[in-house]
Amino acid sequence: MKSLASFRAVSNRPSVLHRKHMVHFLVIDLEATCCDDDSFPRTDMEIVEIGAVVVCPETLQPLNEFQTFVRPVLNPTLTDFCRNLTNITQLQIDSAPSFVDAMADLIDWANGFAPFVFCSWGNYDRTQFESDCSRHEVEYPFGGHHINVKAEFASVIGRPQKPSVPAALHSVGLTFSGSHHRGIDDARNIARLLPYIFPPGHRVAGS
């Protein structure tokens with residue numbers, strides 16, 4: 001198993017952080033290869049874009065962001081369905097770094113904001129990371145703690161159903177900005193919902 005340097009993500013250590021060491025929210029959204037004709041199974045989906053926004057826990061405002069495309073290996077040619085859904089072009093994918101190199105870039109950037117906790121809209125992004133890390137024999141770098149922002153939002157608004165990002169924004173009087181199903185735009189919009197879920201100065205449970 002390859003290790004991608006020291007990745008100081010939040011684990012499940014039972015401690016409480018002092019305010020000056022509060023955990024940043026690392027909001028990540030992924031796009032992956034996909035099809036609508038069963039030309040390959042869901043287990044063969046691979047990350048093609050990583051979008052990330054780091055959010056200050058004290059102000060709940062974005063501090064910085066990261067974006068990269070990723071070149072897949074199992075299905076290197078994007079389907080028409082995938083290109084139309086994401087607006088990602090084949091040229092962008094053909095010239096993109098490998099998964100291992102893209103993860104190394106993400107890690108290098110994110111470590112500038114450690115400590116942090118990996119957040120995503122639902123559990124898909126976590127499981128897709130795990131799948132790609134296993135495929136490329138890379139150590140999963142985010143530790144054991146993950147915040148499912150979709151579930152947190154549904155709990156706060158008191159609804160059993162977990163909404164999409166555009167629907168969640170609409171429910172609090174906001175509109176989606178950018179292109180839905182683009183990793184960086186989805187990450188930016190998820191970050192906009194954090195003030196409706198967590199109070200400023202929030203201490204991440206289990207950090």
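FYI, side chains are in, hydrogens and waters are out, and symmetry mates aren't considered; it's all heavy atoms of this structure. Fair warning: this is a prediction, and the values are worked out from it, not measured in the lab.
The two residues Asp44 and Thr33 have their closest heavy-atom pair at O-OG1, 3.9 Å. The minimum heavy-atom distance linking Phe176 with Pro166 is given by the pair CD1-CG, 4.0 Å. Closest approach of Ala52 to Leu106, counting heavy atoms only: CB-CD1, 4.3 Å. Considering all non-hydrogen atoms of both residues, Phe116 and Ala110 come closest at CE2-O, 3.4 Å. The shortest non-hydrogen separation linking Asn87 to Arg182 is O-NH1, 4.4 Å. Here the closest heavy-atom approach between residue Pro57 and residue Leu60 is recorded as O-CD2, 4.0 Å.
Ring to ring, Phe142 and His146 are not that close: their centroids are 6.0 angstrom or more apart.
Legend: residues meeting ring pair (Phe, Tyr, Trp, His ring centres under 6.0 Å) with Phe66, ordered by chain and number and at least two apart, are Trp109. Under the rule for a salt bridge (charged side-chain N to carboxylate O under 4.0 Å, His left out), Asp186 has no partner lying at least two apart in sequence or in another chain. Scanning for salt bridge (charged side-chain N to carboxylate O under 4.0 Å, His left out) contacts around Arg126 gives Glu130, with sequence neighbours left out. Under the side-chain contact (heavy atoms from CB on, under 4.5 Å) criterion, Gln90 pairs with Thr77, Leu78, Ile93, Asp94, not counting sequence neighbours. The side-chain hydrogen bond (donor to acceptor under 3.5 Å, both in side chains) test applied to Gln67 returns Glu49, not counting sequence neighbours.
Inter-residue side-chain proximity for Tyr196 and Leu169 is flagged as unmet; no heavy-atom pair is nearer than 4.5 Å. For the pair Val149 and Val27, the minimum side-chain heavy-atom distance is 4.5 Å or more. Between Thr175 and His170 there is no side-chain heavy-atom pair separated by less than 4.5 Å. The shortest distance between side-chain heavy atoms of Phe25 and Val53 does not fall below 4.5 Å. When side chains are defined from C-beta on, Pro141 counts as touching Cys133, because their heavy atoms get closer than 4.5 Å.
The hydrophobic cluster containing Val73 also includes Leu74, under a criterion of side-chain heavy atoms closer than 4.5 Å among ILVMFWY residues, counted directly or through chains of members.
Judged by distance alone, the side chain of Thr127 and the main-chain N or O of Tyr124 form a donor-acceptor pair under 3.5 Å. Between the Ser155 side chain and the Glu152 main chain, no donor and acceptor come within less than 3.5 Å of each other. For the pair Asp101 (side chain) and Pro97 (backbone), a donor-acceptor distance under 3.5 Å is absent. In this structure a side-chain-to-backbone donor-acceptor pair under 3.5 Å is missing from Asp36 to Phe81. Asp125 contributes a side-chain N or O that, together with a main-chain N or O of Leu30, makes up a donor-acceptor pair within less than 3.5 Å. Checked by atom type and distance alone, the side chain of His24 pairs as donor or acceptor with a backbone atom of Phe113 at under 3.5 Å. Distance alone, capped at 3.5 Å, is enough to place a donor-acceptor pair between the Asn189 side chain and the Ser177 backbone. Not one N or O on the side chain of Arg192 forms a donor-acceptor pair closer than 3.5 Å with the backbone of Leu174. A donor-acceptor pair is defined here as one N or O able to donate and one able to accept, closer than 3.5 Å; no such pair exists between the side chain of Glu31 and the backbone of Thr86.
The CZ atom of Phe40 lies 6.5 Å from the SG atom of Cys34; values are rounded to the nearest 0.5 Å. Within the model, atoms CD1 of Ile190 and CH2 of Trp121 stand 7.0 Å from one another, a figure rounded to the nearest 0.5 Å. To the nearest 0.5 angstrom, Asp29 atom CG is 9.5 Å from Asp185 atom CG. Separation of atoms CG (Asn148) and SG (Cys119) is listed at 10.0 Å; rounding is to 0.5 Å. How far CZ of Arg42 is from CD of Gln128: 8.5 Å, rounded to the nearest 0.5 Å. Here the straight-line distance linking atom CD1 of Ile47 with atom NE2 of His136 works out to 8.0 Å at 0.5 Å rounding.
No more than 12 heavy atoms of other residues, nucleotides or ligands shown are found within 6.0 angstrom of CG on Asp38.
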Start with the C-alpha gap between Phe153 and Lys162, add the side-chain angles, then the distance that decides, and say whether side chain to side chain contact (heavy atoms under 4.5 Å, CB included) holds. CA-CA 8 Å; Phe153 183 83; Lys162 301 178 179 65; over 6 Å; no
Set out, in order, the CA-CA distance, both residues' side-chain angles and the distance that settles side chain to side chain contact (heavy atoms under 4.5 Å, CB included) for Cys82 and Leu85, then state yes or no. CA-CA 5 Å; Cys82 187; Leu85 178 70; 5.8 Å; no
Pair Ile147, Phe118 - check side chain to side chain contact (heavy atoms under 4.5 Å, CB included), show working. CA-CA 6 Å; Ile147 295 179; Phe118 170 30; over 6 Å; no
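The hydrophobic clustering, which links ILVMFWY residues whose side-chain heavy atoms are closer than 4.5 Å, places Val54 and Ile50 together. Taking hydrophobic clusters as Ile, Leu, Val, Met, Phe, Trp and Tyr residues chained together by side-chain heavy-atom distances below 4.5 Å, Ile28 does not share a cluster with Ile88. Each of Phe69 and Met45 belongs to its own hydrophobic cluster when Ile, Leu, Val, Met, Phe, Trp and Tyr are linked at side-chain heavy-atom distances under 4.5 angstrom.
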